[in-house]
J.: 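Shown below is the structure under consideration.
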Amino acid sequence: MTKPSLVIHGGAWDIPQSLVAAHRKGLKTALKEGWQVLLHGGPAVDAVERAIIVMEDDETFDAGRGSFLNAAGEVELDASFMDGKSFRAGAVAAVQTVRHPITLARRVMEESEHVLLVGMGATRFAREQGVELCSLDDLITARELERWRSLQGKPKAKTKDAFRKKRKPTGTAGAVAVDREGNVAAGTSTGGTPNKYPGRIGDSPLIGCGTYADNVAGGVSTSGWGEAMIKVVMAKTVVDLMALHNGDPAKAAKEGLKILVRKSDGFGGIIALNKAGDVGVAFNTPRMARAYITSSMDSPLVQI
Ligand code: ASP
């Protein structure tokens, strides 16, 4: 029997001091709820979904309600899911009226023969599956509407700048878990980058870029400048490195980040978990909101 572990993130960016407490609180709740699943012998896929749902519901994070608006002033949400046991994967991109995109990504994985559904087709699938839909406005907060208004009429900033110091925030949500049976799962959910071009998707809904899980080695979820992450196939690269380095997740995450910087001058953060439940984190943004708990720990570690 494996010892369960759960690691989550709430985004890698220049989190201002004023938002640290809200991130800490949100991470704690999400970790606790996901951990309860594993403690009761539940599967890694359930723990990952639960933790991310909590963050999608928490306006602090750029996922679900509270997500950034695109240049047209609308939310477009992306999410992906991978089950390291069955080696199945599912993802949705640019959905607008789905309350929990991570749940829809899981349904694509488990209930369809596809891996990625986008836009109207993804919403149609949600309806067929009985996945909760909501109005566009339900997901938009006053804070994000204000941010969007303040960005209009100004020269468009480079997406990359969102991840540098003292630039606009982001705060994607992700989780990786290993359960008692030794099964690994990973998921990521995001509203993407602020003021993004409508239809733009980043790394988060792309299997291998934002999310990857394989029972043979472990799992990864990422946050950061998606355009750079996509080019180095970030999540899969780190899982491969984990397999190469005798399963060391810290070494793999660090080396993966070096590749991101060297090859695509990128910014971001990585959470990695090996099949034995060891955790590794690496980031080159000013801060990364992350938390984890393993069976050998008395209390969770929450760091920002
Ligand atoms: N990676 C996400 C994207 O590019 C954003 C983030 O993680 O903050 O859409």
Side-chain angles (χ1 to χ4, degrees), residues 8-16 19 23 26-27 52 55-56 58-64 66-71 74-81 91-96 101-102 105 116 118 144 147 157-165 167-176 186-212 220-238 253 256-257 260-261 264-272 281-290 304:
I8 64 173
H9 72 78
W13 56 286
D14 191 15
I15 302 170
L19 290 182
H23 277 77
L27 285 174
I52 296 179
M55 289 189 276
E56 285 177 339
D58 185 334
E59 291 173 18
T60 307
F61 304 103
D62 175 35
S67 286
F68 293 127
L69 307 187
N70 65 14
E74 297 175 341
V75 285
E76 283 185 324
L77 309 178
D78 308 327
S80 59
F81 215 120
V92 293
V95 293
Q96 298 199 294
I102 195 65
L116 174 61
V118 305
E144 291 311 322
R147 188 195 312 282
K158 283 206 161 60
T159 306
K160 177 181 183 175
D161 289 340
F163 301 92
R164 291 172 160 163
K165 199 158 169 53
R167 300 294 171 146
K168 291 172 264 86
T170 80
T172 294
V176 191
T188 309
S189 179
T190 190
T193 47
N195 214 25
K196 63 188 178 184
Y197 197 88
R200 175 266 184 197
I201 63 163
D203 57 321
S204 307
L206 301 181
I207 296 300
C209 300
T211 300
Y212 203 73
V220 165
S221 170
T222 68
S223 172
W225 179 28
E227 279 73 4
M229 298 267 187
I230 290 170
K231 290 184 279 183
V232 295
V233 196
M234 194 76 262
K236 168 79 159 71
T237 297
V238 175
L257 199 68
L260 176 73
V261 172
S264 47
D265 197 17
F267 291 94
I270 297 159
I271 54 169
V281 177
F283 56 97
N284 66 346
T285 44
R287 279 176 159 155
M288 181 175 194
R290 74 265 186 209
I304 296 179

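For the numbers below, each heavy atom of this structure counts, side chains included, while hydrogens, waters and symmetry mates do not. Atoms within each ligand, like the ligands themselves, are counted from 1 in listed order.
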J.: Considering all heavy atoms of both residues, which atom of Cys209 and which atom of Thr222 are nearest to each other, and what is their separation?
T.: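 Shortest heavy-atom contact: O-OG1, 3.5 Å.
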J.: Go through ligand 1 atom by atom and flag the ones less than 4.0 Å from a non-hydrogen atom of Ser223.
T.: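 Reading through ligand 1 atom by atom, the close ones are 6 (C), 7 (O), 8 (O).
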J.: Do any heavy atoms of Gly224 fall under 4.0 Å from ligand 1?
T.: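 Within the 4.0 Å threshold, so yes.
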J.: Does Ser204 approach ligand 1 within less than 4.0 angstrom via side chain, backbone, both or neither, non-hydrogen atoms only?
T.: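 Side chain only.
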J.: Go through ligand 1 atom by atom and flag the ones less than 4.0 Å from a non-hydrogen atom of Gly226.
T.: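 Those of ligand 1 that fall under 4.0 Å from Gly226 are 4 (O).
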J.: Measuring from non-hydrogen atoms of Lys196 to any atom of ligand 1, is the shortest distance under 4.0 Å?
T.: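 Contact check Lys196 vs ligand 1: negative.
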J.: Going by heavy atoms in the side chains, are Val220 and Ile271 under 4.5 Å from each other?
T.: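 They are not in contact (no side-chain heavy atoms under 4.5 Å apart), so the answer is no.
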J.: So, for Phe68 and Asp62, which heavy atoms are closest and what is the spacing to 0.1 Å?
T.: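 Here Phe68 and Asp62 meet closest at N-OD1, 3.0 Å.
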J.: N/O of Thr190 under 3.5 Å from N/O of ligand 1, yes or no?
T.: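 No, there is no polar N/O contact under 3.5 Å.
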J.: Salt bridge check: are Glu227 and Arg200 linked by an N-O gap of less than 4.0 Å?
T.: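 Salt bridge present between Glu227 and Arg200.
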J.: Is ligand 1 less than 4.0 angstrom away from at least one heavy atom of Asp62?
T.: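 Not so, Asp62 does not reach ligand 1.
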J.: Would you mind telling me if ligand 1 is within reach of the side chain of Met234, the backbone, both or neither, using heavy atoms under 4.0 Å?
T.: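 The answer is neither; Met234 stays 4.0 Å or more away.
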J.: Please indicate whether any nitrogen or oxygen in Arg200 is less than 3.5 Å from any nitrogen or oxygen in ligand 1.
T.: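 Yes; at least one N/O pair falls below 3.5 Å.
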J.: Donor-acceptor check, side chain of Asp78 to backbone of Ala94, threshold 3.5 angstrom: yes or no?
T.: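 Here the side-chain-to-backbone pair exists.
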J.: Between Ser204 and Thr188, does any side-chain donor sit less than 3.5 Å from a side-chain acceptor?
T.: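 Distance-only check fails for Ser204 and Thr188.
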